[in-house]
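Have a look at the structure below, then the notes.
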Amino acid sequence: QVQLAESGGGLVQTGGSLRLSCAASGRTFSNYAVGWFRQAPGKEREFVAAISWSGYRTHNVDSVKGRFTISRDNAKNTVYLQMNSLTPEDPAVYFCAATQLGTGRTRASDYDYWGQGTQVTVSS
């Protein structure tokens with residue numbers, strides 16, 4: 001079992017930045033690729049970014065390329081999502097998830113472990 005806990009969400013103005021954290025406990029976290037997803041009210045859960053177990057490979061959805069950066073520190077059992085230039089299209093509950101299936105997985109069903117989510121709100 002891997003337990004995940006997101007933090008760092010909040011309210012920010014359009015154009016602002018937030019850094020989300022995903023802290024893991026349980027099994028060896030470095031064995032897992034990690035993804036970030038988001039879900040806005042009335043919408044399906046959407047893939048945002050993923051990172052390999054080593055941190056050397058990353059994959060972002062087109063809508064966040066150049067604005068969001070995923071990274072990880074396995075010594076701290078933590079994955080980060082740095083979000084810059086936030087827009088009114090970005091508000092959602094953001095979830096981190098872990099999988100042993102490898103990097104680049106964009107389907108929520110490919111991930112075995114999920115956190116509870118953290119709310120991101122962007123004001124205009």
Side-chain angles (χ1 to χ4, degrees):
Q1 288 282 342
V2 174
Q3 291 80 42
L4 303 173
E6 303 93 338
S7 62
L11 172 64
V12 65
Q13 289 187 330
T14 297
S17 299
L18 284 173
R19 187 176 81 157
L20 306 183
S21 297
C22 172
S25 60
R27 289 188 175 179
T28 305
F29 185 54
S30 59
N31 290 342
Y32 292 81
V34 173
W36 283 98
F37 290 76
R38 63 186 180 186
Q39 188 166 19
K43 295 187 177 181
E44 292 187 354
R45 194 164 294 190
E46 173 190 30
F47 170 79
V48 176
I51 190 166
S52 63
W53 65 269
S54 66
Y56 288 125
R57 289 186 294 162
T58 63
H59 175 61
N60 291 2
V61 69
D62 286 345
S63 61
V64 307
K65 283 182 179 177
R67 301 190 299 123
F68 292 10
T69 302
I70 188 170
S71 62
R72 70 189 295 164
D73 184 341
N74 285 339
K76 296 182 178 179
N77 285 345
T78 303
V79 172
Y80 304 98
L81 185 67
Q82 178 67 44
M83 304 187 298
N84 299 328
S85 302
L86 285 160
T87 76
E89 284 69 48
D90 294 319
V93 177
Y94 282 70
F95 300 88
C96 65
T99 179
Q100 288 188 299
L101 295 179
T103 314
R105 300 285 177 166
T106 62
R107 298 183 305 178
S109 58
D110 286 337
Y111 290 78
D112 301 307
Y113 304 102
W114 291 82
Q116 294 299 308
T118 185
Q119 178 72 51
V120 171
T121 304
V122 180
S123 66
S124 58

When hydrophobic residues are tied together by side-chain contacts of less than 4.5 Å, even through go-betweens, does W36 share a cluster with V2? yes
Between T118 and Y94, is there a side-chain heavy-atom distance shorter than 4.5 Å? yes
Using modelled atom types and a 3.5 Å cut-off, is there a donor and acceptor pairing between side-chain atoms of E6 and backbone atoms of Q116? yes
In short, R38 meets A92 closest at the heavy-atom pair CB-CB, 3.8 Å
Spatial distance of atom OG1 (T78) from atom CG (L4) [nearest 0.5 Å]: 10.5 Å
Contact between I70 and V79 at the side-chain level, heavy atoms closer than 4.5 Å - yes or no? yes
Is a side-chain donor or acceptor of R105 paired with a backbone partner of Q100 at a separation under 3.5 angstrom? no
Say you draw a straight line from OG of S71 to CG of L81; how long is it, rounded to the nearest 0.5 Å? 8.5 Å
Validation row: V120, L20 side chains within 4.5 angstrom (heavy atoms): yes
Give me the ring orientation class for F37 and W114: parallel if the planes are under 30° apart, tilted from 30 to 60°, perpendicular past 60°. tilted
Of the non-hydrogen atoms in S52 and Y56, which two are nearest, and what is the gap between them? OG-N, 3.3 Å
Neighbour count above 12 (heavy atom, 6.0 Å) for K76 NZ: no
Can you tell me how far OG1 of T69 sits from CE of M83, rounded to the nearest 0.5 angstrom? 11.0 Å
When you measure from the side chain of T14 to the backbone of S123, do you find a donor-acceptor pair of N or O atoms at a distance under 3.5 Å? yes
Can you tell me how far the CZ atom of F95 sits from the CD atom of E46, to the nearest 0.5 Å? 12.5 Å
Quick check: does any side chain N or O of S85 sit under 3.5 Å from a backbone N or O of R67, one acting as donor and the other as acceptor? no
Heavy-atom closest pair (Q1 atom, Q3 atom, distance to 0.1 Å) is CB-NE2, 3.4 Å
Would you check if the side chain of N60 reaches a backbone N or O of F68 as a donor-acceptor pair within less than 3.5 Å? yes
Are any non-hydrogen side-chain atoms of Y80 and D73 less than 4.5 angstrom apart? yes
Please check: side-chain N/O of N74 versus main-chain N/O of F29, any donor-acceptor pairing under 3.5 Å? no
For the atom pair OG (S21) and CZ (R72), what is the distance rounded to the nearest 0.5 Å? 13.5 Å
Compare all side-chain heavy atoms of S17 with those of N84 and state whether any distance is below 4.5 angstrom. yes
Work out which heavy atom in G104 is nearest to a heavy atom in A50; give both atom names and the distance. N-CB, 4.3 Å
With rounding to the nearest 0.5 angstrom, report the OG1 to OH distance, T99 to Y111. 6.5 Å
So which atom in T87 and which in P91 form the shortest heavy-atom distance, rounded to 0.1 Å? O-CD, 3.5 Å
